[in-house]
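Notes follow the structure.
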Amino acid sequence: MDIRVFDSSDDLAAGAAGFLAGLLSEQPTGFGLAGGSTPQATFRRLVDRDVPWTDVTCWLPDERWVPPEDPEANALMARQELVDRVPVRFLAPDTSLEDPRVAAAAYQADLLDEIGDDPGVVMLGVGTDGHTASLFPGTDALRDEHAGYVANWVPQLDVWRLTATIPLLRRARHIVFVVSGEPKAAVLRRVIVDEEPFPAWLVAERANDVTWLIDREAASGLKVANP
Ligand code: 6PG
């Protein structure tokens, strides 16, 4: 398990941008953009990295079921921080549709057309409950062994989410978890050290290649040396 610890959240963002740029430059391909707040600092630094962006197709491992212009939308954040600032192709689910299940199925078809069976490099975050993408503990999407992208009802949030499934994420060439902050320390220890079956572990345990990029605060429950 490749775990790299950085002294601060800024060092983590810079380190993650460099690591992701290296992977994308080695083999330009699909690039799954994590949602939430942690990725923003990394995306801002990726803009200045030397990446063959015209050969890269960005996509979203998950999206909130909100209108495209909603401040909560991962697509909006990705556009503001990265996609509108580099010459990259970007595929986002159509959340203006009526039915999240229709949107998920359409997006799965688009992904298949555009990046085929290879999700490429996938950046993911981890929630304090051990979720990753929008694979939340106890939700139906965790049990879907056939679809690649589904609508997932999340009762703990009382919302629909769209998410890549475990089978799709496990096909990624590289999965790069980027996790920051003391609130994540406890769950990271339970995932990485205790290997408890949180969604983040269910994705990582059988993935092709996994790297954990974490800052010192988030790593405080682990016993690893700094890089
Ligand atoms: C989302 C993300 C989600 C995120 C974690 C961590 O849509 O919110 O895809 O899986 O990565 O919730 O979020 P933070 O980076 O905001 O802590």
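All values below come from the heavy atoms of this structure, side chains included, with hydrogens, waters and symmetry mates left out. Nothing fancy with the numbering, it's 1 onward along the sequence. Both counts, for ligands and for their atoms, begin at 1 and track the order of listing.
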(message) For Ser37, which part has a heavy atom under 4.0 Å from ligand 1: side chain, backbone, both, or neither?
(response) both

(message) Starting from atom 8 (O) of ligand 1, what is the nearest protein heavy atom, named by residue and atom, and what distance separates them?
(response) Arg64 NH2, 2.7 Å

(message) Taking 4.0 Å as the limit for heavy-atom contacts, which would you say applies to Asp62 with ligand 1: side chain only, backbone only, both, or neither?
(response) side chain

(message) Is it the case that the side chains of Asp215 and Ser180 hold a donor-acceptor pair, with the cut-off being a distance below 3.5 Å and no angle test?
(response) yes

(message) Could you tell me, atom by atom, which parts of ligand 1 come under 4.0 Å of a heavy atom of Asn74?
(response) 1 (C), 7 (O)

(request) Please state which part of His131 comes within less than 4.0 Å of ligand 1, counting heavy atoms only: side chain, backbone, both or neither. (result) side chain

(request) Determine, for Arg4 against Asp11, whether the closest basic-nitrogen to carboxylate-oxygen distance falls under 4.0 angstrom. (result) no

(message) Please determine whether any non-hydrogen atom of Val126 lies less than 4.0 Å from an atom of ligand 1.
(response) yes

(request) State which residues pass side-chain hydrogen bond (donor to acceptor under 3.5 Å, both in side chains) with Glu81; sequence neighbours excluded, sorted by chain then number. (result) Arg44

(request) Quick one: list whatever passes side-chain contact (heavy atoms from CB on, under 4.5 Å) with Thr95, sequence neighbours left out. (result) Glu63, Trp65, Pro68, Leu162

(message) Geometry only, no angles: is Ala133 polar-contacting ligand 1 at N/O separations under 3.5 Å?
(response) yes

(message) Is it true that Asp2 and Thr211 share a donor-acceptor pair across their side chains at a distance under 3.5 Å?
(response) yes

(message) For the residue pair Ser134 / Asn152, report whether a side-chain donor-acceptor contact shorter than 3.5 Å exists.
(response) no

(request) May I ask you to check whether Thr132 has an N/O atom sitting below 3.5 Å from an N/O atom of ligand 1? (result) no

(message) If you apply the rule salt bridge (Lys or Arg N to Asp or Glu O under 4.0 Å), what do you find for Arg173 with Asp209, and how did you get there?
(response) CA-CA 6 Å; Arg173 250 175 257 182; Asp209 176 77; over 6 Å; no

(request) Compute the shortest N/O to N/O distance between Ser134 and ligand 1 and return yes if it is under 3.5 Å, no if not. (result) no

(request) Under the salt bridge (Lys or Arg N to Asp or Glu O under 4.0 Å) rule, what do Asp117 and Arg171 come out as? Steps first, then yes or no, please. (result) CA-CA 8 Å; Asp117 219 20; Arg171 291 200 294 273; 3.2 Å; yes

(request) Identify the protein heavy atom lying closest to atom 4 (C) of ligand 1, giving its residue, its atom name and the separation to 0.1 Å. (result) Gly35 O, 3.9 Å

(request) Before accepting this row, confirm whether a basic side-chain N of the pair Arg64/Asp70 lies closer than 4.0 Å to the acidic partner's carboxylate O. (result) no

(request) Go through ligand 1 atom by atom and flag the ones less than 4.0 Å from a non-hydrogen atom of Gly125. (result) 11 (O)

(request) Say whether Lys184 and ligand 1 are in contact under the criterion: heavy-atom distance to a ligand atom below 4.0 Å. (result) yes

(message) Students should be able to answer this: which protein heavy-atom is nearest to atom 15 (O) of ligand 1, and at what distance?
(response) Thr38 OG1, 2.6 Å

(message) Considering Pro183, Gly127, Gly36 one by one, which has a heavy atom nearer to atom 13 (O) of ligand 1 than any of the others?
(response) Gly36

